[in-house]
S.K.: 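What follows is a structure written as structure tokens; I'll ask about it next.
Just so we're on the same page: letters track the sequence lines, and every chain starts at 1.
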Number of protein chains: 2
Amino acid sequence: MLEKNYYNVGEDTCSINVIHEKAINKAKKEMLNDETYMELAETFKLFGNPTRLKIMSLLSVEDLCVCDMSEILDMSQSAVSHQLRTLRSKNLVKYVKEGKQARYSLADRHVTQLLQIGIEHVLE
Amino acid sequence: MLEKNYYNVGEDTCSINVIHEKAINKAKKEMLNDETYMELAETFKLFGNPTRLKIMSLLSVEDLCVCDMSEILDMSQSAVSHQLRTLRSKNLVKYVKEGKQARYSLADRHVTQLLQIGIEHVLE
DNA sequence: TTGTTATATGATAATTTGTTCATATGTACA
DNA sequence: TGTACATATGAACAAATTATCATATAACAA
């Protein structure tokens with residue numbers, strides 16, 4: 001039976017296709033469209049940097065202004081602000097203006113959830 | 001970070017510190033150590049690429065061998081194999097050898113959870 | 001043994017990323 | 001009005017990343 005599955009049709013098709021055809025079709029059918037994966041990658045990419053993770057981690061505890069974060073992280077205001085901008089671009093943080101300051105907070109529950117599960121994974 | 005122009009009347013404290021001192025201390029106290037954030041970033045980084053996301057997405061439906069994935073994704077075997085290697089490096093996928101083939105699967109429930117929440121976020 | 005298939009991996013070039021520096025914008029207060 | 005503070009942003013450069021190509025390894029078949 002295994003041998004039968006191994007036959008090669010001699011076309012420009014990989015012989016392997018034949019072996020796991022059902023699995024391939026099943027998995028293929030569940031795939032989202034390309035744009036969704038690209039959008040998803042862009043979003044996850046923002047979690048892939050220690051500075052941004054620290055920012056989100058801080059905001060999961062307390063709303064903070066840029067200078068607070070700059071101070072805690074011992075990083076320039078510019079660097080923090082740039083990162084906040086990218087985080088906003090994918091809807092991971094939001095802010096309200098309060099006088100001269102901008103009070104940042106996490107955009108929604110997904111951010112907290114992703115952080116928590118990620119931490120679980122690495123600490124396990 | 002303390003920058004020259006933020007100094008207050010000769011004191012070595014940023015004027016901003018004073019404003020949100022409590023918030024700063026509270027958030028600071030909850031921070032994990034630097035290595036954890038680095039490790040976490042390395043892990044999330046692997047979710048930040050469409051190819052790897054598709055691979056994990058496929059594996060969340062069916063265990064598959066390298067050639068299956070290569071076929072579905074219409075990518076070279078080499079590219080897929082390289083990505084699988086990096087996914088293994090952070091314990092996101094695992095595999096068992098079956099003859100000439102390697103049957104890959106997701107490493108643990110966190111991977112599925114992260115994918116799901118991420119998708120929720122971008123589709124919302 | 002030799003040939004074929006499945007997978008892994010080193011090196012490379014093109015692209016992307018993250019911080020810094022310099023500067024701009026905007027708010028408040030004297 | 002002018003000055004200081006808080007934040008935003010454009011340019012630029014070093015560092016990291018990803019797919020490709022070429023090749024290696026490893027299992028099986030003939």
Side-chain angles (χ1 to χ4, degrees), chain A residues 2-10 13-20 37-38 41-42 44-55 64-71 73-90 93 95-104, chain B residues 1-9 13-20 37-38 41-42 44-55 64-71 73-90 93 95-104:
Chain A
L2 194 61
E3 280 106 25
K4 277 184 188 168
N5 290 337
Y6 261 95
Y7 82 102
N8 194 334
V9 275
T13 317
C14 170
S15 64
I16 296 303
N17 290 356
V18 182
I19 299 179
H20 302 127
Y37 287 111
M38 302 232 286
E42 291 307 309
F44 273 122
K45 206 171 281 181
L46 299 192
F47 285 82
N49 166 278
T51 296
R52 286 189 298 261
L53 282 175
K54 288 178 197 169
I55 288 174
L64 294 167
C65 71
V66 181
C67 193
D68 289 341
M69 296 184 254
S70 167
E71 164 69 17
L73 302 177
D74 192 28
M75 291 184 60
S76 74
Q77 172 271 319
S78 179
V80 173
S81 188
H82 273 300
Q83 296 298 13
L84 286 168
R85 183 176 157 79
T86 73
L87 288 171
R88 267 184 287 147
S89 77
K90 289 299 165 191
V93 307
Y95 74 107
V96 290
K97 263 291 208 176
E98 286 188 354
K100 280 181 286 189
Q101 305 188 165
R103 170 173 297 261
Y104 276 84
Chain B
M1 186 191 234
L2 297 176
E3 290 173 18
K4 309 173 237 166
N5 48 329
Y6 293 165
Y7 280 84
N8 231 354
V9 278
T13 317
C14 167
S15 64
I16 296 303
N17 289 357
V18 182
I19 299 179
H20 301 128
Y37 287 111
M38 301 233 286
E42 290 307 309
F44 274 122
K45 207 173 281 182
L46 299 192
F47 285 82
N49 167 279
T51 296
R52 287 191 297 262
L53 281 174
K54 288 177 196 169
I55 288 174
L64 294 167
C65 71
V66 180
C67 194
D68 289 340
M69 296 185 254
S70 168
E71 164 70 17
L73 302 178
D74 190 30
M75 291 185 59
S76 73
Q77 172 271 318
S78 179
V80 174
S81 188
H82 273 299
Q83 296 298 12
L84 286 168
R85 183 177 157 77
T86 72
L87 289 170
R88 268 184 285 148
S89 78
K90 288 300 166 192
V93 307
Y95 75 108
V96 290
K97 261 292 205 174
E98 286 187 356
K100 280 181 287 190
Q101 306 187 164
R103 171 173 296 263
Y104 277 85

S.K.: I need the minimum non-hydrogen distance between A/V93 and A/L84, along with the two atoms involved.
M.R.: CG2-O, 4.0 Å

S.K.: Determine the minimum heavy-atom distance between A/S76 and A/S70, stating which atoms define it.
M.R.: C-OG, 3.8 Å

S.K.: What is the distance, to the nearest angstrom, from the CG atom on A/D68 to the C1' atom on D/dA6?
M.R.: 11 Å

S.K.: Rounded off to whole Å, could you give me the CD-to-P distance for the B/Q101 and C/dT4 pair?
M.R.: 19 Å

S.K.: Protein-nucleotides 27-30 of chain C N/O pairs closer than 3.5 Å?
M.R.:
none

S.K.: Between B/K54 and B/Q83, is any pair of side-chain heavy atoms under 4.5 Å apart?
M.R.: no

S.K.: Counting only side-chain N and O atoms of A/Y95, is one of them less than 4.0 Å from OP1 or OP2 of D/dA6?
M.R.: no

S.K.: On the nucleotide D/dT7, are OP1 or OP2 found under 4.0 Å from the side-chain N or O atoms that A/S81 carries?
M.R.: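 Negative; the distance criterion is not met.
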
S.K.: Mind checking ring pair (Phe, Tyr, Trp, His ring centres under 6.0 Å) for B/Y37 and listing every partner two or more places apart, or none if nothing turns up?
M.R.: none

S.K.: Once you round it to whole Å, what is the distance between P of C/dT5 and CZ of B/R103?
M.R.: 20 Å

S.K.: Rounded to the nearest angstrom, tell me the gap between atom CG in B/L87 and atom C1' in C/dT7.
M.R.: 15 Å

S.K.: Just the rounded figure in Å: distance from C1' of D/dT17 to CZ of B/R85.
M.R.: 15 Å

S.K.: Do B/D68 and B/C65 have side chains that get closer than 4.5 Å, going by heavy atoms?
M.R.: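 Heavy-atom side-chain distance check passes, below 4.5 Å.
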
S.K.: What are the two closest heavy atoms between A/A41 and B/L53, and how far apart are they?
M.R.: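 Residues A/A41 and B/L53, closest heavy atoms: N-CD1, 3.3 Å.
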
S.K.: Can you tell me how far the CD atom of B/E42 sits from the CG atom of B/L46, to the nearest 0.5 Å?
M.R.: 7.5 Å

S.K.: Going by salt bridge (charged side-chain N to carboxylate O under 4.0 Å, His left out), name the pairs with one or both residues in residues 77-90 of chain B, residues two or more places apart or in two chains.
M.R.: B/E39-B/K90

S.K.: Check nucleotides 21-23 of chain D against the protein and report each pair of N or O atoms closer than 3.5 Å, with its distance, or say if there are none.
M.R.:
residue, atom, partner, partner atom, Å
D/dC21, N4, B/S78, OG, 2.7

S.K.: Can you tell me the distance, in whole Å, between the NE2 atom of A/H20 and the C1' atom of C/dT7?
M.R.: 14 Å

S.K.: Produce the list of close N/O pairs, under 3.5 Å, pairing protein atoms with atoms of nucleotides 14-18 of chain C; give distances to one decimal.
M.R.:
residue, atom, partner, partner atom, Å
C/dT17, OP1, A/K45, NZ, 3.2
C/dG18, OP1, A/N49, ND2, 3.4
C/dG18, OP1, A/R52, NH2, 2.9
C/dG18, OP2, A/R52, NH1, 2.9

S.K.: Considering non-hydrogen atoms only, spot the tightest contact between B/L73 and B/T51 and give its length.
M.R.: CD1-O, 4.5 Å

S.K.: Give the rounded distance in Å between these two atoms: CD of B/E71 and C1' of C/dT7.
M.R.: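 About 16 Å, once rounded to whole Å.
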
S.K.: Can you name the salt bridge (Lys or Arg N to Asp or Glu O under 4.0 Å) partners of A/R52, sequence neighbours left out?
M.R.: none

S.K.: Between A/Y104 and A/Y95, what is the ring plane arrangement, given parallel below 30°, perpendicular above 60°, and tilted in between?
M.R.: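 It falls in the parallel class, under 30°.
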
S.K.: Would you say A/Y104 places a side-chain N or O within less than 4.0 Å of OP1 or OP2 belonging to D/dA8?
M.R.: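 Yes, such a contact exists.
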
S.K.: How many Å lie between CG on B/L84 and P on D/dA19, as a whole number?
M.R.: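 To the nearest whole Å, that distance equals 12 Å.
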
